[in-house]
Amino acid sequence: MKILKSAAIAFSLTAAMGSFSTVAVAESDPGRITHAPAEVIKEVDGRIDAALAAINNGAEGDEVAALSKKARDFTKELNANDKVARETAKVRDHLKKAESSAKAANLEEAKGHFQKAKEVNLALKGLL
């Protein structure tokens, strides 16, 4: 009887924990803004374009580095699958290198990294 009682309790706990999805709970969080993957790719592309425009308009290295950081931070909102995550990491790496180059006042090198980040970011649309 003791074993049957323990089994019934274990089964009821398992059923109770499995009856709701943690993803559903995360989606219902009112303070969290979620973005569709296509929106994130488009927004990151826009932020990269803003950084490139700043370079072309003669902005200082610190301004360009700040724009790069904003774009890099927004890539963390992209949540789709493992392939997309690996490619997004490449975008973040290029943006980090662009930020380092901009801080060192090497804007031409930063421009090249922004172009590479833009190419990889636009290729993400094909992986969705």
For [X], what residues pass the side-chain hydrogen bond (donor to acceptor under 3.5 Å, both in side chains) criterion, not counting sequence neighbours?
{"X": "K69", "answer": "D73"}
{"X": "D49", "answer": "K118"}
{"X": "K125", "answer": "none"}

How long is the span from the [atom1] atom in [X] to the [atom2] atom in [Y], to the nearest 0.5 Å?
{"X": "T75", "Y": "N121", "atom1": "OG1", "atom2": "CG", "result": "8.5 Å"}
{"X": "K96", "Y": "R92", "atom1": "NZ", "atom2": "CZ", "result": "12.0 Å"}
{"X": "H94", "Y": "Q115", "atom1": "NE2", "atom2": "CD", "result": "11.5 Å"}
{"X": "K116", "Y": "D93", "atom1": "NZ", "atom2": "CG", "result": "12.0 Å"}

Side chain to side chain contact (heavy atoms under 4.5 Å, CB included) partners for [X], two or more places apart:
{"X": "K103", "result": "A65, E99"}
{"X": "N81", "result": "K83, V84"}
{"X": "E39", "result": "H35, A36"}
{"X": "K42", "result": "none"}

Worksheet entry | Considering all heavy atoms, the nearest A110-A102 contact |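 Smallest interatomic distance, heavy atoms only, reads CB-N, 4.1 Å.
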
Discussion item. Restricting to non-hydrogen atoms, name the atom on E87 and the atom on L124 that form the minimum distance, rounded to 0.1 Å.
Written reply: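 Looking at all heavy atoms of both residues, the closest pair is CB-CD2, 3.2 Å.
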
Which donor-acceptor pairs under 3.5 Å do side chains of residues 50-63 form with protein atoms, sequence neighbours excluded?
from : atom 1 : to   : atom 2 : distance (Å)
N56  : OD1    : K111 : NZ     : 2.8
N56  : ND2    : L52  : O      : 3.3
N57  : ND2    : A53  : O      : 3.1

Fill in: Whether S68 side chain and V64 backbone form a donor-acceptor pair below 3.5 Å
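Answer holds: no.
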
Discussion item. Against R72, only a single residue in V44, L95, I48 fulfils side-chain contact (heavy atoms from CB on, under 4.5 Å); can you say which?
Written reply: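 Option passing the side-chain contact (heavy atoms from CB on, under 4.5 Å) with R72: L95.
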
Worksheet item: Given side chains that start at C-beta, do those of E43 and R47 come closer than 4.5 Å, heavy atoms only?
Response: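 Sidechains of R47 and E43: in contact.
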
Worksheet item: Restricting to pairs with a member in residues 2-11, which pass side chain to side chain donor-acceptor pair (under 3.5 Å), not counting sequence neighbours?
Response: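 Matches after skipping sequence neighbours: none remain.
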
Worksheet item: According to a 4.5 Å side-chain heavy-atom criterion applied to Ile, Leu, Val, Met, Phe, Trp and Tyr, with indirect links allowed, do L78 and L122 form part of one hydrophobic cluster?
Response: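 Cluster IDs for L78 and L122 differ.
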
Practice prompt. Say whether L67 and I41 are linked into one hydrophobic cluster, either directly or through other cluster members, by side-chain heavy-atom distances under 4.5 angstrom.
Written response: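 Per the 4.5 Å side-chain linkage, L67 and I41 are not co-clustered.
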
Worksheet entry | Summary of ring-ring contact (aromatic ring centres under 6.0 Å, His included) pairs that have at least one residue in residues 99-128, sequence neighbours excluded |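 For residues 99-128, and leaving out neighbouring residues, there are no ring-ring contact (aromatic ring centres under 6.0 Å, His included) pairs at all.
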
Worksheet item: What residues, two or more places apart in sequence or in another chain, satisfy salt bridge (charged side-chain N to carboxylate O under 4.0 Å, His left out) together with E119?
Response: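 Partners of E119 by the salt bridge (charged side-chain N to carboxylate O under 4.0 Å, His left out) criterion come out as none, since no residue qualifies.
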
